There are 2 protein chains.
Amino acid sequence: MKKICAHPHPPRREKISDLTGRLRRESRKITGPRAAILEILHAHPHPLTNREILSALPKSSCDLATVYRSLHLLEKMGMVKRYHFHDGAARFELVGAGDNGHHHHLVCVNCAGVVEIAECFPEEIEKKIARTNGFKNVTHKLEFFGTCPKCQA
Amino acid sequence: MKKICAHPHPPRREKISDLTGRLRRESRKITGPRAAILEILHAHPHPLTNREILSALPKSSCDLATVYRSLHLLEKMGMVKRYHFHDGAARFELVGAGDNGHHHHLVCVNCAGVVEIAECFPEEIEKKIARTNGFKNVTHKLEFFGTCPKCQA
DNA sequence: CGCGTGTTGCAAACGATTTGCAATTAAAAA
DNA sequence: TTTTTAATTGCAAATCGTTTGCAACACGCG
Ligand SMILES: [Mn+2]
Ligand SMILES: [Mn+2]
Ligand SMILES: [Zn+2]
Ligand SMILES: [Zn+2]
(Lines give C-alpha, C1' and ligand atoms only; values in the text may rest on other atoms or scores of the structure.)
(Ligands and ions follow the chains in the order given, each with its own letter.)
Protein backbone atom coordinates (compact mmCIF):
# COMPACT_ATOMS: atom_id res chain seq x y z
CA MET A 1 0.00 0.00 0.00
CA LYS A 2 2.23 2.80 -1.18
CA LYS A 3 1.29 6.35 -0.44
CA ILE A 4 0.75 8.32 -3.59
CA CYS A 5 0.77 11.83 -2.29
CA ALA A 6 3.40 11.94 0.44
CA HIS A 7 5.23 15.16 -0.23
CA PRO A 8 6.94 16.89 2.65
CA HIS A 9 7.85 19.62 0.19
CA PRO A 10 10.40 20.96 -0.48
CA PRO A 11 12.15 17.61 -0.86
CA ARG A 12 15.60 17.34 0.55
CA ARG A 13 17.92 17.93 -2.36
CA GLU A 14 19.96 15.03 -3.55
CA LYS A 15 23.67 15.46 -3.96
CA ILE A 16 24.82 15.89 -7.56
CA SER A 17 27.06 12.87 -7.11
CA ASP A 18 24.00 10.78 -6.30
CA LEU A 19 22.39 11.92 -9.52
CA THR A 20 25.36 11.11 -11.68
CA GLY A 21 25.76 7.85 -9.82
CA ARG A 22 22.24 6.94 -10.80
CA LEU A 23 23.11 7.56 -14.43
CA ARG A 24 26.29 5.55 -14.23
CA ARG A 25 24.45 2.64 -12.67
CA GLU A 26 22.23 2.41 -15.72
CA SER A 27 25.23 2.55 -18.03
CA ARG A 28 24.54 6.01 -19.27
CA LYS A 29 27.49 8.29 -19.76
CA ILE A 30 28.20 11.29 -17.61
CA THR A 31 28.79 13.81 -20.34
CA GLY A 32 29.50 17.51 -20.08
CA PRO A 33 25.98 18.51 -21.19
CA ARG A 34 24.32 16.11 -18.77
CA ALA A 35 26.36 17.20 -15.81
CA ALA A 36 25.64 20.84 -16.60
CA ILE A 37 21.91 20.17 -16.99
CA LEU A 38 21.79 18.36 -13.68
CA GLU A 39 23.53 21.32 -12.06
CA ILE A 40 20.88 23.67 -13.37
CA LEU A 41 18.00 21.47 -12.33
CA HIS A 42 19.58 21.00 -8.95
CA ALA A 43 19.94 24.74 -8.48
CA HIS A 44 16.35 25.59 -9.47
CA PRO A 45 13.42 24.93 -7.17
CA HIS A 46 10.70 25.15 -9.85
CA PRO A 47 9.84 23.51 -13.16
CA LEU A 48 11.94 24.79 -16.08
CA THR A 49 11.33 24.58 -19.81
CA ASN A 50 13.94 23.06 -22.09
CA ARG A 51 14.74 26.51 -23.39
CA GLU A 52 15.08 27.94 -19.90
CA ILE A 53 17.47 25.16 -19.03
CA LEU A 54 19.50 25.86 -22.15
CA SER A 55 19.70 29.56 -21.32
CA ALA A 56 20.73 28.85 -17.75
CA LEU A 57 23.52 26.62 -19.00
CA PRO A 58 27.09 27.98 -19.26
CA LYS A 59 27.22 29.61 -22.69
CA SER A 60 26.78 27.05 -25.44
CA SER A 61 27.31 24.02 -23.25
CA CYS A 62 25.23 22.07 -25.68
CA ASP A 63 22.55 22.05 -28.33
CA LEU A 64 18.84 22.47 -27.59
CA ALA A 65 18.25 19.00 -29.02
CA THR A 66 20.59 17.62 -26.42
CA VAL A 67 18.61 19.31 -23.67
CA TYR A 68 15.46 17.67 -24.99
CA ARG A 69 17.14 14.30 -25.21
CA SER A 70 18.65 14.59 -21.76
CA LEU A 71 15.34 15.44 -20.18
CA HIS A 72 13.64 12.55 -21.89
CA LEU A 73 16.26 10.28 -20.45
CA LEU A 74 15.98 11.75 -16.97
CA GLU A 75 12.22 11.49 -17.15
CA LYS A 76 12.37 7.85 -18.24
CA MET A 77 14.70 7.17 -15.33
CA GLY A 78 12.29 8.91 -12.97
CA MET A 79 14.79 11.59 -12.05
CA VAL A 80 12.65 14.49 -13.25
CA LYS A 81 8.93 15.04 -13.50
CA ARG A 82 7.20 16.79 -16.38
CA TYR A 83 4.67 19.56 -15.81
CA HIS A 84 2.42 21.67 -18.00
CA PHE A 85 1.33 25.14 -17.02
CA HIS A 86 -0.64 27.48 -19.22
CA ASP A 87 1.85 28.04 -22.01
CA GLY A 88 2.69 25.45 -24.61
CA ALA A 89 6.06 24.32 -23.27
CA ALA A 90 6.74 21.34 -21.04
CA ARG A 91 8.56 22.01 -17.79
CA PHE A 92 10.82 19.76 -15.75
CA GLU A 93 11.70 19.58 -12.10
CA LEU A 94 14.17 17.33 -10.36
CA VAL A 95 12.59 14.63 -8.20
CA GLY A 96 13.88 14.75 -4.65
CA ALA A 97 15.62 11.78 -3.05
CA GLY A 98 13.14 9.22 -1.80
CA ASP A 99 10.25 11.43 -2.88
CA ASN A 100 8.26 10.09 -5.80
CA GLY A 101 8.02 13.65 -7.02
CA HIS A 102 4.26 13.90 -7.13
CA HIS A 103 3.14 17.38 -6.14
CA HIS A 104 1.45 20.49 -7.46
CA HIS A 105 2.00 24.18 -8.14
CA LEU A 106 0.27 27.49 -7.84
CA VAL A 107 1.07 29.66 -10.83
CA CYS A 108 0.47 33.38 -11.25
CA VAL A 109 -1.48 33.97 -14.44
CA ASN A 110 0.11 37.39 -14.74
CA CYS A 111 3.81 37.02 -13.97
CA ALA A 112 4.06 33.23 -14.19
CA GLY A 113 5.61 33.05 -10.73
CA VAL A 114 5.41 29.60 -9.18
CA VAL A 115 4.74 28.41 -5.65
CA GLU A 116 5.23 24.81 -4.63
CA ILE A 117 2.10 23.34 -3.08
CA ALA A 118 2.05 20.62 -0.44
CA GLU A 119 -1.65 19.87 -0.69
CA CYS A 120 -2.85 17.09 -2.91
CA PHE A 121 -6.16 15.76 -4.16
CA PRO A 122 -7.75 13.74 -1.32
CA GLU A 123 -6.83 10.11 -1.61
CA GLU A 124 -10.24 8.78 -0.53
CA ILE A 125 -12.04 10.74 -3.19
CA GLU A 126 -9.61 9.57 -5.84
CA LYS A 127 -10.10 6.00 -4.72
CA LYS A 128 -13.82 6.44 -4.93
CA ILE A 129 -13.52 7.82 -8.46
CA ALA A 130 -11.36 4.86 -9.47
CA ARG A 131 -13.71 2.33 -7.91
CA THR A 132 -16.87 3.90 -9.27
CA ASN A 133 -15.54 3.76 -12.81
CA GLY A 134 -13.65 0.50 -12.60
CA PHE A 135 -10.31 2.16 -13.34
CA LYS A 136 -6.98 0.93 -11.98
CA ASN A 137 -3.81 2.86 -11.14
CA VAL A 138 -5.54 6.20 -11.08
CA THR A 139 -3.39 9.27 -10.61
CA HIS A 140 -3.96 12.92 -11.30
CA LYS A 141 -2.47 16.06 -12.73
CA LEU A 142 -3.41 19.15 -10.75
CA GLU A 143 -2.21 22.73 -10.96
CA PHE A 144 -3.59 25.91 -9.43
CA PHE A 145 -3.75 29.27 -11.14
CA GLY A 146 -4.41 32.71 -9.74
CA THR A 147 -3.00 36.18 -9.23
CA CYS A 148 0.01 36.47 -6.96
CA PRO A 149 0.35 39.17 -4.28
CA LYS A 150 2.70 41.32 -6.37
CA CYS A 151 0.41 41.26 -9.38
CA GLN A 152 -2.70 42.40 -7.51
CA ALA A 153 -2.58 46.03 -8.63
CA MET B 1 -20.33 34.28 -3.45
CA LYS B 2 -20.45 32.27 -6.61
CA LYS B 3 -19.93 28.58 -6.42
CA ILE B 4 -16.94 27.49 -8.44
CA CYS B 5 -17.43 23.78 -8.62
CA ALA B 6 -21.15 23.23 -8.97
CA HIS B 7 -21.43 20.61 -11.66
CA PRO B 8 -24.42 18.35 -11.68
CA HIS B 9 -22.83 16.54 -14.61
CA PRO B 10 -23.79 15.73 -17.28
CA PRO B 11 -25.16 19.20 -17.94
CA ARG B 12 -28.50 19.46 -19.63
CA ARG B 13 -27.75 19.99 -23.27
CA GLU B 14 -28.62 23.30 -24.73
CA LYS B 15 -30.66 23.40 -27.91
CA ILE B 16 -28.68 24.20 -31.04
CA SER B 17 -30.93 27.17 -31.61
CA ASP B 18 -29.90 28.57 -28.25
CA LEU B 19 -26.27 28.26 -29.26
CA THR B 20 -26.72 30.02 -32.57
CA GLY B 21 -28.88 32.60 -30.84
CA ARG B 22 -26.00 33.34 -28.53
CA LEU B 23 -23.78 33.96 -31.52
CA ARG B 24 -26.32 36.15 -33.24
CA ARG B 25 -26.75 38.22 -30.09
CA GLU B 26 -23.07 39.09 -30.19
CA SER B 27 -23.32 40.00 -33.85
CA ARG B 28 -21.36 37.04 -35.05
CA LYS B 29 -22.57 35.37 -38.21
CA ILE B 30 -24.12 31.93 -38.29
CA THR B 31 -22.05 30.47 -41.07
CA GLY B 32 -22.10 26.96 -42.47
CA PRO B 33 -18.86 25.96 -40.77
CA ARG B 34 -19.97 27.31 -37.40
CA ALA B 35 -23.33 25.63 -37.49
CA ALA B 36 -21.69 22.34 -38.42
CA ILE B 37 -19.09 22.66 -35.67
CA LEU B 38 -21.76 23.38 -33.10
CA GLU B 39 -23.64 20.28 -34.26
CA ILE B 40 -20.57 18.14 -33.71
CA LEU B 41 -19.82 19.60 -30.30
CA HIS B 42 -23.45 19.21 -29.34
CA ALA B 43 -23.45 15.58 -30.39
CA HIS B 44 -20.27 14.67 -28.52
CA PRO B 45 -20.19 14.32 -24.75
CA HIS B 46 -16.41 14.57 -24.36
CA PRO B 47 -13.60 16.97 -25.24
CA LEU B 48 -12.58 16.88 -28.90
CA THR B 49 -9.44 18.10 -30.62
CA ASN B 50 -9.65 20.51 -33.52
CA ARG B 51 -8.68 17.73 -35.86
CA GLU B 52 -11.28 15.38 -34.44
CA ILE B 53 -13.91 18.04 -34.94
CA LEU B 54 -12.79 18.53 -38.52
CA SER B 55 -12.96 14.80 -39.21
CA ALA B 56 -16.40 14.53 -37.66
CA LEU B 57 -17.62 17.32 -39.88
CA PRO B 58 -19.52 16.52 -43.11
CA LYS B 59 -16.77 16.03 -45.68
CA SER B 60 -14.87 19.25 -46.30
CA SER B 61 -17.34 21.50 -44.53
CA CYS B 62 -14.47 23.82 -43.87
CA ASP B 63 -10.79 24.31 -43.41
CA LEU B 64 -8.85 23.29 -40.31
CA ALA B 65 -7.92 26.94 -39.76
CA THR B 66 -11.60 27.73 -39.58
CA VAL B 67 -12.09 25.09 -36.91
CA TYR B 68 -9.31 26.67 -34.88
CA ARG B 69 -10.78 30.12 -35.35
CA SER B 70 -14.28 28.97 -34.49
CA LEU B 71 -13.18 27.34 -31.30
CA HIS B 72 -11.25 30.39 -30.26
CA LEU B 73 -14.38 32.41 -30.74
CA LEU B 74 -16.55 29.95 -28.86
CA GLU B 75 -14.01 29.85 -26.06
CA LYS B 76 -13.86 33.62 -25.84
CA MET B 77 -17.66 33.66 -25.64
CA GLY B 78 -17.57 31.06 -22.90
CA MET B 79 -19.45 28.50 -24.96
CA VAL B 80 -16.71 25.89 -24.88
CA LYS B 81 -14.00 25.01 -22.39
CA ARG B 82 -10.48 24.00 -23.30
CA TYR B 83 -8.84 20.88 -21.84
CA HIS B 84 -5.43 19.26 -22.07
CA PHE B 85 -4.95 15.56 -21.65
CA HIS B 86 -1.68 13.73 -22.14
CA ASP B 87 -1.12 14.32 -25.84
CA GLY B 88 -0.12 17.66 -27.25
CA ALA B 89 -3.45 18.76 -28.67
CA ALA B 90 -6.02 21.01 -27.02
CA ARG B 91 -9.53 19.64 -26.62
CA PHE B 92 -12.87 21.42 -26.47
CA GLU B 93 -16.18 20.63 -24.91
CA LEU B 94 -19.42 22.53 -25.08
CA VAL B 95 -20.42 24.25 -21.86
CA GLY B 96 -23.87 23.25 -20.70
CA ALA B 97 -26.64 25.80 -20.23
CA GLY B 98 -26.32 27.58 -16.91
CA ASP B 99 -23.30 25.47 -16.01
CA ASN B 100 -20.03 27.37 -15.87
CA GLY B 101 -18.43 24.33 -17.42
CA HIS B 102 -15.83 23.68 -14.74
CA HIS B 103 -15.35 19.94 -14.32
CA HIS B 104 -12.83 17.16 -14.71
CA HIS B 105 -12.15 13.91 -16.57
CA LEU B 106 -10.81 10.45 -16.03
CA VAL B 107 -8.79 9.35 -19.04
CA CYS B 108 -7.58 5.87 -19.91
CA VAL B 109 -3.84 5.98 -20.51
CA ASN B 110 -4.18 3.03 -22.86
CA CYS B 111 -7.20 3.65 -25.08
CA ALA B 112 -7.73 7.35 -24.32
CA GLY B 113 -11.35 6.71 -23.35
CA VAL B 114 -12.86 9.50 -21.28
CA VAL B 115 -15.23 9.53 -18.32
CA GLU B 116 -16.82 12.71 -17.06
CA ILE B 117 -16.14 13.27 -13.37
CA ALA B 118 -18.43 15.08 -10.99
CA GLU B 119 -15.95 15.43 -8.15
CA CYS B 120 -13.88 18.54 -7.82
CA PHE B 121 -10.98 19.74 -5.72
CA PRO B 122 -12.34 20.62 -2.27
CA GLU B 123 -13.19 24.28 -2.07
CA GLU B 124 -11.96 24.77 1.48
CA ILE B 125 -8.53 23.41 0.68
CA GLU B 126 -8.28 25.61 -2.39
CA LYS B 127 -9.27 28.63 -0.33
CA LYS B 128 -6.62 27.76 2.21
CA ILE B 129 -4.01 27.48 -0.53
CA ALA B 130 -5.03 30.86 -1.91
CA ARG B 131 -5.01 32.52 1.50
CA THR B 132 -1.73 30.97 2.61
CA ASN B 133 0.04 32.27 -0.47
CA GLY B 134 -1.78 35.57 -0.82
CA PHE B 135 -3.17 34.67 -4.23
CA LYS B 136 -6.52 35.90 -5.56
CA ASN B 137 -8.95 34.28 -7.97
CA VAL B 138 -7.44 30.86 -7.60
CA THR B 139 -8.77 28.10 -9.82
CA HIS B 140 -7.42 24.73 -10.81
CA LYS B 141 -6.90 22.36 -13.68
CA LEU B 142 -7.37 18.73 -12.67
CA GLU B 143 -7.51 15.55 -14.70
CA PHE B 144 -7.34 11.93 -13.65
CA PHE B 145 -5.49 9.20 -15.51
CA GLY B 146 -5.64 5.43 -15.17
CA THR B 147 -6.46 2.16 -16.89
CA CYS B 148 -10.08 1.65 -17.88
CA PRO B 149 -11.93 -1.64 -17.30
CA LYS B 150 -11.60 -2.77 -20.92
CA CYS B 151 -7.87 -2.14 -20.99
CA GLN B 152 -7.11 -4.15 -17.85
CA ALA B 153 -5.82 -7.26 -19.65
C1' DC C 1 -30.79 43.47 -54.55
C1' DG C 2 -26.60 45.72 -52.57
C1' DC C 3 -23.69 47.16 -49.06
C1' DG C 4 -20.45 46.56 -45.09
C1' DT C 5 -18.36 43.85 -41.92
C1' DG C 6 -17.42 39.54 -40.29
C1' DT C 7 -15.62 35.03 -42.27
C1' DT C 8 -13.27 31.76 -44.95
C1' DG C 9 -9.71 29.12 -47.65
C1' DC C 10 -5.18 28.71 -48.63
C1' DA C 11 -0.60 28.88 -47.94
C1' DA C 12 3.04 30.45 -45.35
C1' DA C 13 4.80 31.30 -40.73
C1' DC C 14 5.51 29.68 -36.07
C1' DG C 15 7.08 27.57 -31.75
C1' DA C 16 7.84 23.32 -29.50
C1' DT C 17 9.61 18.97 -30.10
C1' DT C 18 11.63 15.03 -32.62
C1' DT C 19 14.70 12.65 -35.68
C1' DG C 20 18.43 10.98 -39.16
C1' DC C 21 23.04 10.77 -39.59
C1' DA C 22 27.76 11.28 -39.48
C1' DA C 23 31.24 12.76 -36.17
C1' DT C 24 32.55 12.51 -31.35
C1' DT C 25 33.63 10.61 -26.83
C1' DA C 26 32.96 8.31 -22.26
C1' DA C 27 33.70 4.09 -20.37
C1' DA C 28 34.69 -0.80 -20.77
C1' DA C 29 38.08 -4.05 -22.52
C1' DA C 30 42.60 -5.33 -23.73
C1' DT D 1 47.67 3.47 -21.98
C1' DT D 2 45.73 2.11 -26.18
C1' DT D 3 41.90 -0.09 -28.35
C1' DT D 4 37.22 -1.06 -28.87
C1' DT D 5 32.39 -0.24 -28.63
C1' DA D 6 28.31 1.65 -27.75
C1' DA D 7 26.29 5.81 -26.14
C1' DT D 8 25.97 10.66 -27.15
C1' DT D 9 26.18 14.91 -29.60
C1' DG D 10 25.59 18.74 -33.09
C1' DC D 11 23.36 20.16 -36.90
C1' DA D 12 19.88 20.45 -40.02
C1' DA D 13 15.72 18.86 -41.61
C1' DA D 14 11.29 17.05 -40.46
C1' DT D 15 6.91 16.94 -37.68
C1' DC D 16 3.08 18.56 -35.18
C1' DG D 17 -0.17 21.65 -33.37
C1' DT D 18 -1.45 26.23 -33.94
C1' DT D 19 -1.56 30.98 -35.81
C1' DT D 20 -1.74 34.50 -39.29
C1' DG D 21 -1.78 37.50 -43.71
C1' DC D 22 -4.51 38.32 -47.35
C1' DA D 23 -7.62 38.32 -51.05
C1' DA D 24 -12.09 36.28 -52.11
C1' DC D 25 -16.48 35.58 -50.09
C1' DA D 26 -21.09 35.59 -47.81
C1' DC D 27 -24.21 36.58 -43.72
C1' DG D 28 -27.58 39.92 -42.07
C1' DC D 29 -29.54 44.20 -42.53
C1' DG D 30 -31.76 47.70 -44.94
MN1 LIG E 1 7.55 21.66 -7.88
MN1 LIG F 1 -16.33 16.92 -19.88
ZN1 LIG G 1 -1.56 15.09 -6.02
ZN1 LIG H 1 -12.70 21.46 -10.11
Side-chain angles (χ1 to χ4, degrees), chain A residues 16-17 19-40 47-77 79-92 112, chain B residues 16-17 19-40 47-77 79-92 112:
Chain A
I16 292 277
S17 58
L19 296 171
T20 55
R22 176 87 189 278
L23 282 174
R24 196 169 286 114
R25 221 168 304 129
E26 306 209 9
S27 60
R28 318 307 309 235
K29 298 177 179 174
I30 316 296
T31 64
R34 283 183 187 165
I37 289 169
L38 284 175
E39 291 277 357
I40 298 303
L48 297 176
T49 65
N50 285 285
R51 199 169 290 279
E52 286 170 344
I53 293 170
L54 181 67
S55 316
L57 246 32
K59 52 173 178 121
S60 57
S61 305
C62 72
D63 190 79
L64 181 56
T66 299
V67 177
Y68 275 96
R69 284 191 272 231
S70 295
L71 283 152
H72 272 150
L73 175 66
L74 294 174
E75 183 185 29
K76 189 169 42 163
M77 295 178 60
M79 294 174 62
V80 300
K81 274 246 190 285
R82 176 188 300 256
Y83 296 91
H84 285 280
F85 295 168
H86 264 164
D87 51 3
R91 289 165 184 276
F92 300 88
Chain B
I16 292 276
S17 57
L19 296 171
T20 54
R22 176 86 188 278
L23 281 175
R24 195 170 286 113
R25 222 169 303 130
E26 306 209 8
S27 60
R28 319 308 307 239
K29 297 178 179 173
I30 316 296
T31 64
R34 284 183 187 165
I37 289 169
L38 284 175
E39 291 279 356
I40 298 304
L48 297 175
T49 65
N50 286 283
R51 199 169 291 279
E52 285 169 345
I53 293 170
L54 180 66
S55 316
L57 246 31
K59 51 173 181 124
S60 57
S61 305
C62 73
D63 190 80
L64 181 57
T66 299
V67 177
Y68 275 96
R69 284 191 273 232
S70 295
L71 284 152
H72 272 151
L73 175 66
L74 294 174
E75 184 185 29
K76 189 169 42 165
M77 295 178 61
M79 295 174 64
V80 300
K81 274 247 190 285
R82 177 188 299 255
Y83 296 92
H84 286 281
F85 295 168
H86 264 163
D87 52 1
R91 290 164 184 277
F92 300 88

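By convention in this document, chain letters (A, B, ...) are assigned in the order of the sequence lines, proteins followed by strands, and residues within each chain are numbered from 1. None of the values given here were measured: they were computed from a predicted structure.
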### Query
What are the two closest non-hydrogen atoms of Asp87(B) and Arg91(B), and how far apart are they?
OD2-NH2, 2.9 Å
### Query
Hey, does the side chain of Arg82(A) reach the backbone of Ala90(A) with a donor-acceptor pair shorter than 3.5 angstrom?
no
### Task
May I have the distance from His72(B) (atom NE2) to dG17(D) (atom C1'), rounded to whole angstrom?
11 Å
### Task
In whole angstrom, give the distance that lies between atom CG of Leu71(B) and atom P of dT7(C).
14 Å
## Note on the structure
Asp87(A) atom CG is separated from dG17(D) atom P, nearest whole Å, by 18 Å
### Query
With respect to the phosphate group of dT18(D), does any side-chain polar atom (N or O) of Tyr68(B) fall under 4.0 Å of OP1 or OP2?
yes
### Query
Arg28(B) and Arg34(B): which non-hydrogen atoms are nearest, and at how many Å?
CB-NH1, 3.6 Å
### Message
Without decimals, in angstroms, what is the distance between Arg24(A) CZ and dA28(C) P?
### Response
8 Å
### Task
In whole angstrom, give the distance that lies between atom CG of Leu57(B) and atom C1' of dT8(C).
14 Å
#### Entry: Interatomic distance, Phe85(B) CZ vs dG17(D) P [rounded to whole Å]
16 Å
#### Entry: Stepwise side-chain contact (heavy atoms from CB on, under 4.5 Å) test for Leu71(A) and Ile53(A)
CA-CA 10 Å; Leu71(A) 283 152; Ile53(A) 293 170; 3.3 Å; yes
### Query
Is there side-chain contact between Leu23(A) and Leu38(A), with heavy atoms separated by less than 4.5 Å?
yes
### Task
Using the test salt bridge (charged side-chain N to carboxylate O under 4.0 Å, His left out), find all partners of Arg22(A) that sit at least two apart in sequence or belong to another chain.
Glu26(A)
### Task
Could you tell me, to 10°, how much the axis swings from one end of the helix from dT18(C)-dA13(D) to dA30(C)-dT1(D) to the other, five pairs per end?
30°
### Query
Can you name the nearest heavy-atom pair linking Ala56(A) to Ile40(A), along with the distance?
O-CD1, 3.4 Å
### Message
What is the distance, to the nearest angstrom, from the CD atom on Glu26(B) to the P atom on dG6(C)?
### Response
13 Å
### Query
Over how many whole Å does the gap from Leu48(B) atom CG to dG17(D) atom P extend?
15 Å
### Query
Nearest heavy-atom pair of Cys62(B) and Val67(B): which atoms, and what distance?
SG-CG2, 3.9 Å
### Query
At under 4.0 Å, does any side-chain N or O of Asn50(A) touch on OP1 or OP2 of dT17(C)?
yes
## Note on the structure
Its contact letters, B for base, S for sugar-phosphate only and - for none at protein heavy atoms under 4.0 Å, make nucleotides 3-15 of chain D read ---BBSBBB----
#### Entry: Closest non-hydrogen atom pair between Thr66(A) and Pro33(A), with its separation
CG2-CB, 3.9 Å
